[in-house]
Structures are given as structure tokens and as C-alpha cells.
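We number each residue from 1, following the sequence as shown. In each ligand, atom 1 is the first atom listed, and ligand 1 is the first ligand listed.
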Amino acid sequence: MSVPTIAVAAQAVKRIRNHDCWVFRDELLRPDGAVPLDSARGAALSKVEWAVQPGDVVEVVDPRGAFVAYAFANPVSHIALRVVSTSREVPVDRGLVEARLTRAIARRAALAGTNARRLVFSEADALPGLIVDQYADSLVLQIRSAGMERFRAAIVEGLQRQLAPKGILERSDKEFREDEGLPPVTEVLAGEVPGRILIEEDGLKFWVDPHRGLKTGFYLDQRTTRRRLRGVMRSGAQVLDAFSYTGSLGIVAAAQGAQVVCVEAQEPFVELARENAKLNGVERRLEFVAGDAFYWLDAKTHEAARWDWVLLDPPALAKAKPGILKARQALHHLLVRAFALAKDDGQVLLSLCTYHLLNLVEEIARIAAGEEGCRVQVRDQWLQAEDHPWILQVPPTRYLTSWLFARDARSAAWPTSTRR
Ligand SMILES: C[S@@+](CC[C@H](N)C(=O)[O-])C[C@H]1O[C@@H](n2cnc3c(N)ncnc32)[C@H](O)[C@@H]1O
């Protein structure tokens, strides 16, 4: 197979050999192999001098011209190369994509208790830029890279052959495609995909709106959290589910007999959550508030309201590094409020998908607890669900972490050492 060649800087070669899979635009070398390509001029130079189009498969070589990997190239994206294969004998073609689809699907076969799961998770399944989610008999896919775009037909045929779904919907939203220079796509690619799909998870039922819902319709990555919240709440516990979307966390709580308030900014999602509550026969135990959770938490703090459980599952507070300061302030604000609103020994769940904040959460929580003047136990911590595996060498694939904090009793003396 003859494909264009792109030389990359030594540090990128080292990373690829250590199983990283991204090369950034400023790590590309000019065709003479020496000077790093000016990232601002990358697009124009790449097209003219290398004749590489977004989505082309290229051979990545080191500064001396030795083979390193095959990759999807996209000179207009800040991720210029996405490695697909590091073996010269394994070229990137339809057969490879189909084989990896088969393997990704087989890996999820043992996931029990649900008919909704992520079947393909992009780089983690060695299919860069491809997401495939299964909701009962329907599949929803997202294509987030120009390279994977070329394999759309092969992916659809492979999924039909292997899973015979009733329909396949593409939900390739703008936010994931802008950087790749791709237009958004929402289109039924095969069969029929209803406006609402009924799914089941551990005996609870949920409506999923694959056409207009967030992500591909449901927070499959929060299955671990739903499972951790089972069997831990007493009947009658007071639970606040802030940023509630489908209400899945609140419904898990209500199914244990808890009284739940769900707060969600978008009215259609409040309706969806209300229907989900009815579907599970717990509507009498849930109250819904359509509004801004930040303001609502402020108001409740002034009223000195208290909950046994405060569940915080905010949207991404920053999409990229430049937004980190604001995101940090927002998280600090949320945690100060949550600690204030928790009863003595009350628990605060934080699920965070703001990648650039994940390593800072404990520091932010410490400062927030200091401001609220309370001692906080960390009772547990977990990650995205197991059908969203992450790659050790590609840290951004670990994008969701949850913490379970507990507020020590307000009146309790701090435990002090008796050994002096
Ligand atoms: C990560 S999702 C929550 C998923 C939810 N826990 C579930 O299981 O379905 C975040 C939600 O927060 C909502 N949201 C965003 N900003 C908000 C705000 N300021 N106040 C309330 N809700 C907000 C979004 O509409 C979205 O539904």
C-alpha cells in the first residue's frame, strides 16, 4: 500500500512507541525532516507540500525516515495525526476497522444487567474518533475524526452484519467535529431509530432520546455511579440531584425510598426525567425544579436547608485549558454549597468530566471545606463505567471521576490523638 509519508519530531516518535496515539501539529516536520512545522501555517503547508488531505491515511516516520506508525492525518486539526497501527504489516483498511469493531463488541459481551452499553470507545478500542452506543435494538454512533469519516460505510455494514440492529443513527455533533473541520451530522444511516428508546439497567427503566438528548442520549459512563448509589440510602433519606438530566441518579435514590429533588436547567430534560420517574413508579418521591442549579443551591444555602445526600453531576465546566480558572471557581462554589447543604454525616457525590480539573479536585474540595469550616471524609472514588475503558498512556481517555465525600458532624469534636 502506498501512502504519503509524514515525518514527526523525536519526542512524538518516543510517545508513539510508548503507545500514545496523538501527534500535535507543531510536532510535524517539514519534508526535509529537520525544522518543526509552524503550527499556524500547518494547514497550507501540509496540503501543498505533502498533498495530504484531512482524513488521509499516512505513514508516520521518524526524523531519519524510519517507519513509526500508520495514522489518520488531519492538517487542519490541532491533533494532526491519530495513530491507528504501529505495525508496518497491519495497514489501515476496511478489514482492520471491521476486525477492531468485532473485538470491541466482543469485549462488552459480558456486561450484564443492561441493554444499553458503549460498544466502541474511540482510541481506547484503537478506532480513533469512533463512538458506538447500543440502546436496546438501536445503535447510535459518533464520528469525531476525519480519518474515521472515510470508513463510515464499512462501519455501518460491519455493525449491521454483527448486530443486526433495527436502526443506526449518526449523532456527530458540532462540538466534537469543529476542530477536525467537519460539519455536524445527525442522520439515520440504516433502518429506523425511534424518537424515544426504552432501555433497562439493573431493573430500572429509562427513556432515551437519541436524536436530541445529550451525548448519544444517555450517560452510559455513569453506570458505575448508579450502581454505587444502590443499596446505600435509607428509606425516607432526603436527596438533592443537581444537574439531573434524565434523572437517573435521583431515580436510583427514589427506588430505595428516598425523597428526591432534581434540579435541571433545560425544560425538555426535566420532562424526560419526570417521565422516567413515572416509568419506574417513583414519581411521588421526586420533585422537579427547572432552573439554574448554581443559583438554586445559593438560595437553599441561605435558607439553611439540609440534605442527607447532595449529588453533583455538572456538565463539563471547561472544554480546554484556557477555561480552567473559571471552571475551578465554579467547582469551588459548588463544593462550598454542597458541604453547607449536607446534614451532619451527610454525603456529597461529585462526578466530574472536566478533564483539566480532575487532578485539582481534592485541593479544591479541601479549600471549599475550609471555607465551610467542616471536616470531610473521602469515602470512595471511582471512574467512568467499564465499557468506557481508558488507556494508561493516553491520559485524556480517563475523563470522568467521581468522589464520595462525607461531612463530619457539625457538633463533633475533631478526633484528637491520645498519644502525647
Ligand atoms: C452530566 S449531565 C447530568 C447527567 C445526569 N446525572 C443523568 O444521570 O442523566 C449535566 C446536566 O446539567 C445540566 N445543566 C447544565 N448547566 C446547568 C445549570 N446551570 N443548572 C442546572 N442544570 C444544568 C445539563 O442540561 C445536563 O442535563
Using heavy atoms and a 4.0 Å limit, tell me yes or no: is E264 in contact with ligand 1? yes
Centre of F339's six-membered ring, under 6.0 Å away, within 45 degrees of the axis: is that where NZ or CZ of R407 sits? no
Quiz item: Is it true that R94 and E98 have a side-chain N and a carboxylate O under 4.0 angstrom from each other?
Solution: yes
Any heavy atom of L214 under 4.0 Å from ligand 1? The part involved is side chain
Contact region, A242 to ligand 1, non-hydrogen atoms below 4.0 Å, reads neither
For G291, the ligand 1 atoms with a heavy-atom partner under 4.0 Å come out as 20 (N), 21 (C)
Hey, does R226 come in under 3.5 Å of ligand 1, counting only N/O atoms on both sides?
no
Looking only at protein heavy atoms, what sits closest to atom 23 (C) of ligand 1 is F243 CD2, 3.4 Å
Under 4.0 Å from one or more heavy atoms of A265, ligand 1 contributes atoms 17 (C), 18 (C), 20 (N), 21 (C), 22 (N), 23 (C)
Under 6.0 Å between the ring centres of F269 and Y245?
yes
Note: Y245, heavy atoms under 4.0 Å from ligand 1, region reported as both
Could you tell me if Q222 and S351 have a donor-acceptor pair between their side chains, going purely by distance under 3.5 Å? yes
Candidates S351, P268, P315; heavy atom nearest atom 15 (C) of ligand 1 found on P315
Quick note on ligand 1: atoms under 4.0 Å from a heavy atom of S244 include exactly 5 (C), 7 (C), 9 (O)
In ligand 1, the atoms that come under 4.0 Å of a heavy atom of D313 are 1 (C), 2 (S), 3 (C), 4 (C), 5 (C), 6 (N), 10 (C)
Taking only non-hydrogen atoms of F294 and a 4.0 Å limit, the atoms of ligand 1 in range are 19 (N)
Numbered in order shown, the ligand 1 atoms found under 4.0 Å of a heavy atom of P314 are 1 (C)
- Do the charged groups of D387 and R223 touch, with an N to O distance under 4.0 Å? yes
When distances are taken from atom 8 (O) of ligand 1, the protein heavy atom at minimum range is S248 OG, 2.6 Å
- Item | Heavy-atom neighbours of E192 CD exceed 12 at 6.0 Å | no
Going by the 4.0 angstrom heavy-atom rule, the piece of F218 near ligand 1 is neither
Look at atom CG of N18 and say whether more than 12 heavy atoms of other residues, nucleotides or ligands are closer to it than 6.0 Å. yes
Q: Please test S87 against Y70 for side-chain hydrogen bond (donor to acceptor under 3.5 Å, both in side chains), starting from the C-alpha separation and ending with a verdict.
A: CA-CA 8 Å; S87 167; Y70 292 114; over 6 Å; no
* Check step by step if side-chain hydrogen bond (donor to acceptor under 3.5 Å, both in side chains) holds for R82 and S145. => CA-CA 9 Å; R82 291 171 190 265; S145 69; 4.8 Å; no
Distance col, row F218:CZ vs R118:CZ, nearest 0.5 angstrom, shows 12.5 Å
